[in-house]
Amino acid sequence: YPCEVIRNFSIIAHIDHGKSTLADRLLELTGTIQRKVTGGKNEQVLDKLKVERERGITVKAQTASMFHESMGKNYLLNLIDTPGHVDFAWEVSRSLAACQGALLLVDASQGVQAQSISVFHNAKERGLKIIPVLNKIDLPAAQPERIAAQVQSTFGLDPSEILYVSAKTGKGIEEVLDAIIKRIPPPVAKASAPLRAFMFDSFYDKYRGVISLVNIQDGTLQKGDKIVSCHTRKKYEIMEVGLMHPEEVPTKSLNPGQVGYIACNMKQSSEAHIGDTIHRLGEPVEALAGFQPAKAMVFAGVYPIDTSDFPKLEESINRLTLTDRSVTVQRESSSALGQGCRLGFLGTLHMDVFRQRLEDEYDANVIITAPTVPYKVIYRDREVMVSNPTDFPDIGDIGIRVKEVQEPVVKASIIVPEEYFGDMMELCYSHRAEDLDHRYLDSGAASSSRIMLNAVIPLSEIVTDFFDQLKSRSSGFASFDYEDAGYRRSDLAKMTFLLNGKPVDALALIVHRSQQDSVGREWVKKLHKVIPRQLFEVPIQAAIGKKVIARETLKAMRADVTAGLYGGHYERKMKHLENQKEGKRRMKKLGKVDLPQEAFFDILSNK
Ligand code: GDP
Ligand code: MG
């Protein structure tokens with residue numbers, strides 16, 4: 001396969017606009033997979049993880065090669081599927097680096113959405129050829145003309161270039177293959193030049209160890225070759241090369257311009273650096289521009305419900321991070337929860353997905369503390385990043401030893417039908433938004449025009465309930481995306497919670513001063529609900545520094561737990577005593593207060 005018959009492309013789209021479905025149709029039409037129908041529902045071949053199928057989102061980018069004959073020539077088409085959620089923007093950019101073109105898929109009933117715009121700019125910046133595709137034209141609600149006009153005005157793309165398809169029925173898919181071949185330029189790579197391969201993904205295989213996906217930019221690669229990583233300078237020997245078709249199929253070699261997998265004697269996933277360049281031993285080349293590594297933006301402590309389970313939990317976390325390298329892990333301990341890990345995630349969905357994978361794949365029940373974003377604490381002589389509320393300076397130090405504290409902010413864009421515009425403005429203001437501005441996406445007097453609203457919002461406001469509220473206040477019509485916009489000075493404080501006068505470290509939070517009273521009251525109420533009564537009265541307090549800002553009092557209980565169960569069956573009484581015994585085993589003493597570990601689970605998992 002010489003370069004001129006190779007096409008490396010990706011499908012980019014807002015979530016649910018049909019990437020996975022279109023990918024499956026392309027694989028079917030090229031005979032890469034058989035059409036599978038399970039219970040009337042198409043199985044999505046590229047969405048491999050269970051959580052991806054359940055949630056209908058693509059988490060790990062997957063790659064597949066297919067063969068297609070057109071005008072008497074046999075082409076090798078390499079599709080790189082990309083995730084569609086903002087948290088995984090990093091995976092999108094690394095996938096795009098191996099492509100020369102992208103299909104920009106837009107749902108013809110929904111129109112351009114927030115992520116359509118961000119993925120478009122991402123692809124555009126990399127100089128990719130973009131093919132606009134309107135999907136779901138089979139839907140009665142589809143408005144192809146109107147959405148085509150939107151595509152033209154938003155992206156400046158020529159309407160004559162737009163393809164109209166239904167990934168569901170298969171209509172127009174042939175034309176998509178033709179357009180890929182005709183419009184996307186072949187990769188430029190030299191067979192005679194020294195080997196230069198770009199590593200854009202890796203995963204762990206039980207039998208063969210680390211498998212890396214590479215794009216051969218120059219030269220060829222085959223079994224037995226000795227290679228060196230530009231990044232680590234470590235040497236390896238190639239054990240196997242091949243294509244993803246869509247599973248691994250070994251081939252004799254990987255040739256210039258191709259995308260495929262390599263297995264070498266790399267033992268640990270941590271050795272495979274995404275964005276790394278590989279060259280042949282003794283033939284050094286200049287490294288290709290890599291990527292910015294994933295930046296963790298949401299941190300949370302993860303603890304086992306049963307404290308003796310920590311080694312098992314840690315092992316599970318370590319194994320899982322082998323397949324998701326964007327998660328950062330650090331050990332931490334808490335007087336309330338014992339030994340645990342502080343994990344860093346790209347966003348809250350990423351955190352949820354990780355938690356679910358932990359539960360699915362390793363059967364682990366965990367307590368996750370409230371998410372925190374990374375704050376910047378500027379002392380007179382140094383800057384410190386704080387991702388654990390316990391490490392945040394005391395209020396008395398701010399303005400004295402600490403010059404100022406800063407929080408990360410993002411540039412948010414929301415696309416919403418006009419009638420919800422007012423609600424969205426309110427939502428933004430109640431989440432401390434600044435620099436609001438907006439414009440219409442549809443030109444002329446279209447009914448129910450869409451508006452794009454931009455604002456700068458603190459990231460901490462977004463990691464809590466922003467997305468849920470956005471969806472519910474817009475009846476599901478608003479779409480949302482954001483990008484990093486640096487740090488801003490902010491009036492923040494550490495809020496601590498005291499049980500019987502003793503602070504509980506695992507519950508500390510960082511709050512904006514304007515919200516301290518409402519947050520304090522809300523949490524104190526929650527604690528009051530889940531903490532079991534003790535033999536004595538327990539004050540539950542929220543404090544900032546020494547100042548108590550909210551309080552509830554937990555009344556003392558009567559000594560005999562069965563006393564309240566009037567007229568109950570004997571078994572019921574016994575069960576209650578049994579439960580109490582069971583509870584005792586896992587009780588934690590905090591100050592003098594007995595607290596079952598489960599109470600933390602209830603407090604922290606209950607939003
Ligand atoms: P992704 O999130 O972009 O990967 O989107 P999916 O491929 O998972 O599709 C999202 C939903 O839209 C699924 O329920 C698909 O069955 C449905 N869908 C995809 N393409 C079409 C289409 O052409 N027509 C219709 N009616 N539904 C489609
Ligand atoms: Mg998908």
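The figures that follow rest on heavy atoms only: side chains count, while hydrogens, waters and symmetry mates do not. We count ligands from 1, going down the list as the structure has it; atoms in each ligand are counted the same way. Along the sequence shown, residues carry numbers from 1.
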Asks: Side chain or backbone of K168 under 4.0 Å from ligand 1, or both, or neither, by non-hydrogen atoms?
Replies: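 Both of them.
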Asks: Using a strict 4.0 Å cut-off to heavy atoms of L139, name the atoms of ligand 1 that fall inside it.
Replies: 26 (N)
Asks: Would you call D138 and K171 a salt bridge, taking side-chain N to carboxylate O under 4.0 Å as the test?
Replies: no
Asks: Only heavy atoms count here, so choose which of T21, D107, L105 is nearest to atom 16 (O) of ligand 1.
Replies: T21
Asks: I want to know if ligand 1 touches N135 in the polar sense, i.e. an N/O pair below 3.5 angstrom.
Replies: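 So ligand 1 has an N or O lying under 3.5 Å from an N or O of N135.
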Asks: Considering Q110, K19, R25, K136 one by one, which has a heavy atom nearer to atom 17 (C) of ligand 1 than any of the others?
Replies: K136
Asks: Quick check: V165 and ligand 1, any N/O pair under 3.5 Å apart?
Replies: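 Between V165 and ligand 1 (N or O atoms, distance only) the closest approach is not under 3.5 Å.
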Asks: First locate atom CD of Q150, then atom OG of S116, and finally report the distance between them rounded to the nearest 0.5 Å.
Replies: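 Atom-to-atom, Q150:CD and S116:OG are 9.0 Å apart.
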Asks: Counting C-beta onward and ignoring hydrogens, is there a side-chain heavy-atom pair between I173 and L22 closer than 4.5 Å?
Replies: yes
Asks: Is a donor from one side chain sitting under 3.5 angstrom from an acceptor on the other, for D107 and N135?
Replies: no
Asks: I'd like to check the side chain to side chain donor-acceptor pair (under 3.5 Å) partners of Q217; sequence neighbours left out, ordered by chain and number.
Replies: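 Here the qualifying residues are N215.
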Asks: Is there a nitrogen or oxygen of I137 sitting under 3.5 Å from a nitrogen or oxygen of ligand 1?
Replies: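 N/O-N/O distance under 3.5 Å: no.
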Asks: Aromatic rings F480 and F466: how do their planes relate, parallel, tilted or perpendicular, breaks at 30° and 60°?
Replies: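 Correct class here is tilted.
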